[in-house]
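All remarks here apply to the structure that follows.
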Amino acid sequence: MTWYCSMKKTIISVILTAVITSIVTAAVIILPAGWYLGSYIADFALKRNGANPPVGYTMIMNQKVNLPQAPTARTEEWTIEADDGIKLRGMHFSPERRSHQWVILIHGYARVQRDTWYYAADYIAHGYEVLTPDLRACGRSEGDYITMGALESDDIVLWAKRIKEVDPEARIILHGVSMGAATAMLAGAKAPPAVTGIVEDCGYTSAEELFAYKMRTMFGFPEGAISPVLKDMSIVCRWKIGASLDDMNPSAAVEKIQVPMLFIHGDADQLIPYEMMHTLYRACGSKYKDMMTVSGAGHAAAYSADPAAYDRRVFAFADMCTKEKK
């Protein structure tokens, strides 16, 4: 009996040693590999490349974009300091007659404020004060990493506060395109001062779902590998840039938004699926929300596909949100 108990303990000890050894071996081999891959993807997609955008941007986005000239209007450069100390820069354009109607135009992934100047010119002609910031790690603003709206949304709240200081009667629209739309939604959930409406044009439901979609369709990742890689990337992002993929989730943000929202998307969008607009619309908690589908428009091309129709819809919405009630 004593021999049996001793043998049993020996067998259990051998099994436990083997299990622990396997776990340690997996941790030594797999975890560093996962960390390396997650870190590589985070840098590939989000890290500023000197004065240039992330390497991933050059593979995903159209490089042949004709950027507009600055609108003809009074201009001044604005600078603020983000919560983490980086300097953010933007341009303030004023219409001929000063107004309490404002818009913050928010550019897309790895772009610059100049991308929004087509919209800015129309807003100025319509009598709006316009602010076009360079998001962090873009244009003339400082920063090493793009955060897909997570920290950018905090910066937009600061820009809204700056407007409120300059014009205590301001009524502000947030109007974002692509990642700018995601940023607008994430900012809207934080109830920025004086923001009375949000226009989101071709935003995504979450960075995780967008990355998964691109890994699947563009880079051919095996389906079973996508989730583990994104989990590693999320951990790396939390460590490197101060925000995980969970913080880049407009679907969760729109549930908290109370101001009116207008959702816009082209049904031929090959970068951010058109169906994401419907998901966001259903999730939105606002009592007033509306959708605009632009037939045949690709990514971020709803305005260029039909500027007149776009402006009619946007300004009917924006004026409703910002005009002083008599």
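None of these values were measured; they are calculated from a predicted model.
- Looking at heavy atoms from C-beta onward, Val259 lies in side-chain contact with Ile198 at the 4.5 angstrom threshold.
- No side-chain heavy atom of Thr147 sits under 4.5 Å from any side-chain heavy atom of Leu46.
- Donor-acceptor pairing under 3.5 Å is recorded for the side chains of Tyr310 and Asp201.
- Enclosure of atom CD in Glu76 by more than 12 non-hydrogen atoms of other residues, nucleotides or ligands within 6.0 angstrom is indicated.
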>> Set out, in order, the CA-CA distance, both residues' side-chain angles and the distance that settles side chain to side chain contact (heavy atoms under 4.5 Å, CB included) for His92 and Ser94, then state yes or no.
In response: CA-CA 7 Å; His92 169 215; Ser94 296; 3.3 Å; yes

>> One pair to check against side chain to side chain contact (heavy atoms under 4.5 Å, CB included): Asp247 and Arg238. What are the steps and the verdict?
In response: CA-CA 9 Å; Asp247 300 315; Arg238 170 64 69 187; 2.7 Å; yes

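- Clustering ILVMFWY residues whenever any of their side-chain heavy atoms sit less than 4.5 angstrom apart, transitively, puts Val157 in a cluster other than the one holding Ile86.
- Listed here is the closest heavy atom pair of Leu158 and Ala82: CD1-CA, 3.8 Å.
- By the 6.0 Å contact criterion, NZ on Lys289 is enclosed, its count of non-hydrogen atoms from other residues, nucleotides or ligands being greater than 12.
- Arg114 contributes a side-chain N or O that, together with a main-chain N or O of Pro68, makes up a donor-acceptor pair within less than 3.5 Å.
- Within the 4.5 Å cutoff, the side chain of Val177 has heavy atoms near those of the Cys202 side chain.
- Side-chain contact between Phe211 and Leu245 is present, with at least one heavy-atom pair separated by less than 4.5 Å.
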> So Arg111 and Leu67, side chain to side chain contact (heavy atoms under 4.5 Å, CB included) or not? Walk me through it.
Replying inline: CA-CA 10 Å; Arg111 306 296 297 189; Leu67 296 177; 4.0 Å; yes

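- The two residues Thr79 and Arg162 come nearest to each other via the heavy atoms O-NH1, 3.3 Å.
- Taken to the nearest 0.5 Å, the OH atom of Tyr204 stands 10.5 Å off from the CG atom of Leu271.
- At distances below 3.5 Å, not a single donor-acceptor pair connects side-chain atoms of Glu208 with backbone N or O atoms of Asp246.
- Atoms CG and CZ, from Asp319 and Arg171 in turn, are 10.5 Å apart once rounded to the nearest 0.5 Å.
- Under the 30°/60° scheme for interplanar angles, the aromatic rings of His278 and Tyr274 are found to stand perpendicular.
- Expressed to the nearest 0.5 Å, how far SG of Cys284 lies from NZ of Lys256 amounts to 13.5 Å.
- Residues Ile264 and Val314 meet the side-chain proximity criterion, which asks for heavy atoms closer than 4.5 Å.
- Atom CD of Glu200 is separated from atom CE of Met291 by 10.5 Å, given to the nearest 0.5 angstrom.
- Annotation for Ala194 and Lys164: closest pair CB-CD, 4.0 Å, computed over non-hydrogen atoms.
- Put simply, the side chain of Asp269 gets close to the backbone of Ile272: a donor and an acceptor are under 3.5 Å apart.
- In terms of the salt bridge (Lys or Arg N to Asp or Glu O under 4.0 Å) criterion, residue partners of Asp155 (sequence neighbours excluded) are, by chain and number, Arg136.
- Summarising the geometry of Cys321 relative to Thr196, their closest heavy-atom pair is O-OG1, 2.9 Å, with the distance given to 0.1 Å.
- Side chain to side chain, Tyr303 and Asp122 meet the donor-acceptor criterion of an N or O pair below 3.5 Å.
- Residues Ile146 and Ile104 fall within the same hydrophobic cluster, defined by Ile, Leu, Val, Met, Phe, Trp and Tyr side chains chained together at heavy-atom separations under 4.5 Å.
- The closest donor-acceptor contact from the side chain of Ser286 to the backbone of Tyr288 lies under 3.5 Å.
- Annotation for Leu174 and Ala184: closest pair CD1-O, 3.8 Å, computed over non-hydrogen atoms.
- Thr183 contributes a side-chain N or O that, together with a main-chain N or O of Met179, makes up a donor-acceptor pair within less than 3.5 Å.
- With hydrogens and angles disregarded, no donor-acceptor distance shorter than 3.5 Å links the side chain of Thr322 to the backbone of Gln101.
- Both Ile172 and Met261 belong to a single network of hydrophobic side chains, linked directly or stepwise wherever heavy atoms of I, L, V, M, F, W or Y lie under 4.5 Å apart.
- With hydrogens and angles disregarded, no donor-acceptor distance shorter than 3.5 Å links the side chain of Arg140 to the backbone of Arg89.
- Inter-residue side-chain proximity for Phe221 and Val229 is flagged as met; some heavy-atom pair is nearer than 4.5 Å.
- The backbone N or O of Pro54 sits nowhere less than 3.5 Å from a side-chain atom of Asn49 that would complete a donor-acceptor pair.
- In this structure, the side chain of Arg98 does not engage the main chain of Glu129 through any donor-acceptor pair within 3.5 Å.
- Between Trp78 and Ile163, the closest side-chain pair of non-hydrogen atoms falls below 4.5 Å.
- Residues Leu135 and Ile156 meet the side-chain proximity criterion, which asks for heavy atoms closer than 4.5 Å.
- Under the 4.5 Å side-chain heavy-atom criterion for ILVMFWY residues, no single connected hydrophobic cluster contains both Leu151 and Met148.
- The same ILVMFWY cluster, assembled from side-chain heavy atoms under 4.5 Å apart, contains both Val199 and Tyr119.
- Here CZ of Phe263 is found 14.0 Å from CE of Met276. Values are rounded to the nearest 0.5 Å.
- Here the side chain of Thr132 pairs no donor or acceptor atom with the backbone of Gln113 at under 3.5 angstrom.
- Lys240 and Asp43 are joined by a salt bridge, as a carboxylate oxygen and a charged side-chain nitrogen come within less than 4.0 angstrom of each other.
- Outside the 6.0 Å centre-distance limit, the rings of Phe93 and Tyr128 are not counted as a close aromatic pair.
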> Are Met215 and Leu230 close enough, and set up right, to give a side chain to side chain contact (heavy atoms under 4.5 Å, CB included), and what steps lead you there?
Replying inline: CA-CA 10 Å; Met215 290 165 72; Leu230 288 176; 3.7 Å; yes

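- Note that NE2 of His265 and NE2 of His299 are 7.0 Å apart. Values are rounded to the nearest 0.5 Å.
- Between His175 and Tyr123, the angle of the ring planes goes over 60°, which puts this pair in the perpendicular group of the 30/60° scheme.
- Listed by chain and number, the residues in a salt bridge (Lys or Arg N to Asp or Glu O under 4.0 Å) with Arg216 are Glu223 (sequence neighbours excluded).
- The minimum heavy-atom distance linking Ala42 with Cys237 is given by the pair CB-SG, 4.0 Å.
- The only option from Thr205, Leu280, Thr279 that meets the side-chain contact (heavy atoms from CB on, under 4.5 Å) definition with Pro250 turns out to be Leu280.
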